[in-house]
Amino acid sequence: MRAAGGKRRSSAAADGESSGDDGNERPAGGPAKRVRGQRPESQQPPRGAADADGGRARQERVRYSQAEAAAATDAIKRYEDEAAAAQARATTLGVPQAHIDGLVAKVVRHMLFRAHERPDVPVNRKDLVDLMKGDHKGSRAAKQLPTLVVALAAARLAGAFGLEMRELRRGALGGGGPAAAAAAAAAAGGGAGAADAGSGGQQMYVLRSLLPAALVTRYTQDASGDAARGLMTAVLGLLQVNGGPMEEEELWRHLARLGTDRDERGNAFGRDGAAGVLAHMERARYLVKSSQVAASGAPQTLYGPGEAAGEEFGHKLGALVDKWLASAGPAGGDE
């Protein structure tokens, strides 16, 4: 490396003798002079650490498609537009804007705290409506406020946090946004009550990241949960190959062939083991557990895909099933 004037720096200068190994100014033959605001030598990171970290960061650059980024931007814009339309209709309610803003803040806080306390577990719409009960009980505003507030809260969560307030309905696969439900309710000529009347199932909401999947995996998912997520994907893949619900004992037999012990606890799947992962899948509506009487007259328990299964795992299941079928070979493999 050449210094000013084109001369090569001496080896002493290159090794930090003139500037100090700690990066501070050092008079010739004297102690280092610390620059104002700089950490003392004992607190300095090892030499080259920043460069090494920066190099790793560059090497670990996460790749995602422009289509994924555009989809997130479009989703935020859609929620904001639908919230603006709902807000315009709210002028006829006679409710102060400050009161509406306070209810929106309540719903946003409730969704964020619940997502932290019980990850992936949907929040019932009734719980959100209960937050809004107050001075307007029995009035026209009381019937329409929930639809308005949920739409505004969804826009706030999307724009400020990059989170989608995803709507699920019991007994229905897939889901849509709460603002879309609000628009449908308005088109039907009513507020929240009209939306519920034609819902065909209990409404629930769960937060999902709007980030591209690669960014979610890299920056927001805890690596300690990879084993559990892998098991959840395998369970739903087995149900997809089966073409629908599967008897509980048969499901466990398939999982045992994948090396999963039903009774083992405190393993890679967490304190409650694989059984705990399936219990979480029920709470999160990835799985639906039901009972029926078999042809023999004996009761049996069935597991089927839940309302949240398709929208959360659907993009992974196709690839997983294709991989299984390819590994089975042309003869279909062993049973």
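All values below were derived from every heavy atom in this structure, side-chain atoms included, with hydrogens, water molecules and symmetry-related copies excluded. The chain is numbered in sequence order, starting from 1.
- Across all non-hydrogen atoms, the minimal contact from Ala83 to Ala155 is CB-CB, 3.5 Å.
- Within the model, atoms CG of Leu258 and NE2 of His254 stand 9.5 Å from one another, a figure rounded to the nearest 0.5 Å.
- Both Phe161 and Val123 are members of a single hydrophobic cluster when ILVMFWY side chains are connected at heavy-atom separations under 4.5 Å.
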Residues Val277, His280; criterion side-chain contact (heavy atoms from CB on, under 4.5 Å); working and verdict: CA-CA 5 Å; Val277 174; His280 171 75; 5.7 Å; no
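- Atom CZ of Arg125 and atom CD of Gln202 lie 11.0 Å apart (nearest 0.5 Å).
- A salt bridge links Asp130 with Lys133: the distance from a Lys NZ or Arg NE/NH1/NH2 to an Asp or Glu carboxylate oxygen falls below 4.0 Å.
- By the rule that hydrophobic residues join a cluster once side-chain heavy atoms approach within less than 4.5 Å of another member, Val235 and Leu302 end up as members of separate clusters.
- Legend: residues meeting ring pair (Phe, Tyr, Trp, His ring centres under 6.0 Å) with Tyr303, ordered by chain and number and at least two apart, are absent.
- The pair Arg262-Glu249 meets the salt-bridge criterion, since a charged nitrogen lies less than 4.0 angstrom from a carboxylate oxygen.
- Checking side-chain atoms of Asn124 against main-chain N and O of Lys126 turns up no donor-acceptor pair under 3.5 Å.
- Closest of all the heavy-atom pairs between Leu239 and Pro305 is CD1-N, 3.7 Å.
- Counting heavy atoms from C-beta outward, Leu215 and Glu68 have side chains that stay 4.5 Å or more apart.
- Distance check, rounded to the nearest 0.5 Å: CD of Glu164 to CG of Leu207 gives 9.5 Å.
- Taking hydrophobic clusters as Ile, Leu, Val, Met, Phe, Trp and Tyr residues chained together by side-chain heavy-atom distances below 4.5 Å, Leu210 does not share a cluster with Met111.
- No donor-acceptor pair under 3.5 Å is formed between the side chain of Thr217 and the backbone N or O of Ala214.
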Criterion side-chain contact (heavy atoms from CB on, under 4.5 Å) on Leu148 and Val95, from CA distance to verdict: CA-CA 11 Å; Leu148 166 65; Val95 180; over 6 Å; no
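- Contact record, Tyr286 with Ala309: O-CB, 3.6 Å, taken as the closest heavy-atom pair.
- When all heavy atoms of Ala86 and Ala151 are compared, the closest pair comes out as CB-CB, 4.2 Å.
- Separation of atoms CG (Leu157) and CG (Leu112) is listed at 5.5 Å; rounding is to 0.5 Å.
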Verdict with supporting geometry, Leu255 and Leu238, side-chain contact (heavy atoms from CB on, under 4.5 Å): CA-CA 9 Å; Leu255 293 177; Leu238 288 169; 3.8 Å; yes
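- The shortest heavy-atom contact between Pro122 and Arg283 is CD-O, 3.5 Å.
- In the hydrophobic clustering of this structure, Val108 does not group with Phe113; members are Ile, Leu, Val, Met, Phe, Trp, Tyr whose side-chain heavy atoms approach within less than 4.5 Å, directly or through other members.
- Under the 4.5 Å side-chain contact rule for hydrophobic residues, Met232 and Trp252 share a cluster.
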side-chain contact (heavy atoms from CB on, under 4.5 Å) assessment of Ile76 paired with Glu80: CA-CA 6 Å; Ile76 294 173; Glu80 290 175 345; 3.6 Å; yes
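- Under the 4.5 Å side-chain criterion, counting only non-hydrogen atoms from C-beta, Arg285 is in contact with Arg170.
- With 3.5 Å as the limit, one finds no donor-acceptor pair spanning the side chains of Glu248 and Gln300.
- Looking at Gln203 and Glu167, their side chains come closer than 4.5 Å, going by heavy atoms from C-beta outward.
- Looking at Ile100 and Leu93, their side chains never come closer than 4.5 Å, going by heavy atoms from C-beta outward.
- In this structure, CG on Leu231 lies 9.5 Å from CG on Leu236, to the nearest 0.5 angstrom.
- Applying the side-chain hydrogen bond (donor to acceptor under 3.5 Å, both in side chains) test to Gln66 and every residue at least two apart in sequence or in another chain returns nothing.
- You'll find the side chain of Leu128 reaches within 4.5 Å of the side chain of Met165, heavy atoms only.
- The pair Arg78-Asp81 does not meet the salt-bridge criterion, since no charged nitrogen lies less than 4.0 angstrom from a carboxylate oxygen.
- Ionic pairing of Arg208 and Asp120 is present here: one or more N-O contacts between side-chain nitrogen and carboxylate oxygen are shorter than 4.0 angstrom.
- Leu163 CG to Leu211 CG: the interatomic distance, rounded to the nearest 0.5 Å, is 8.5 Å.
- Nearest heavy-atom pair, Val288 versus Gly306, reported as atom, atom and distance to 0.1 Å: CG2-CA, 3.5 Å.
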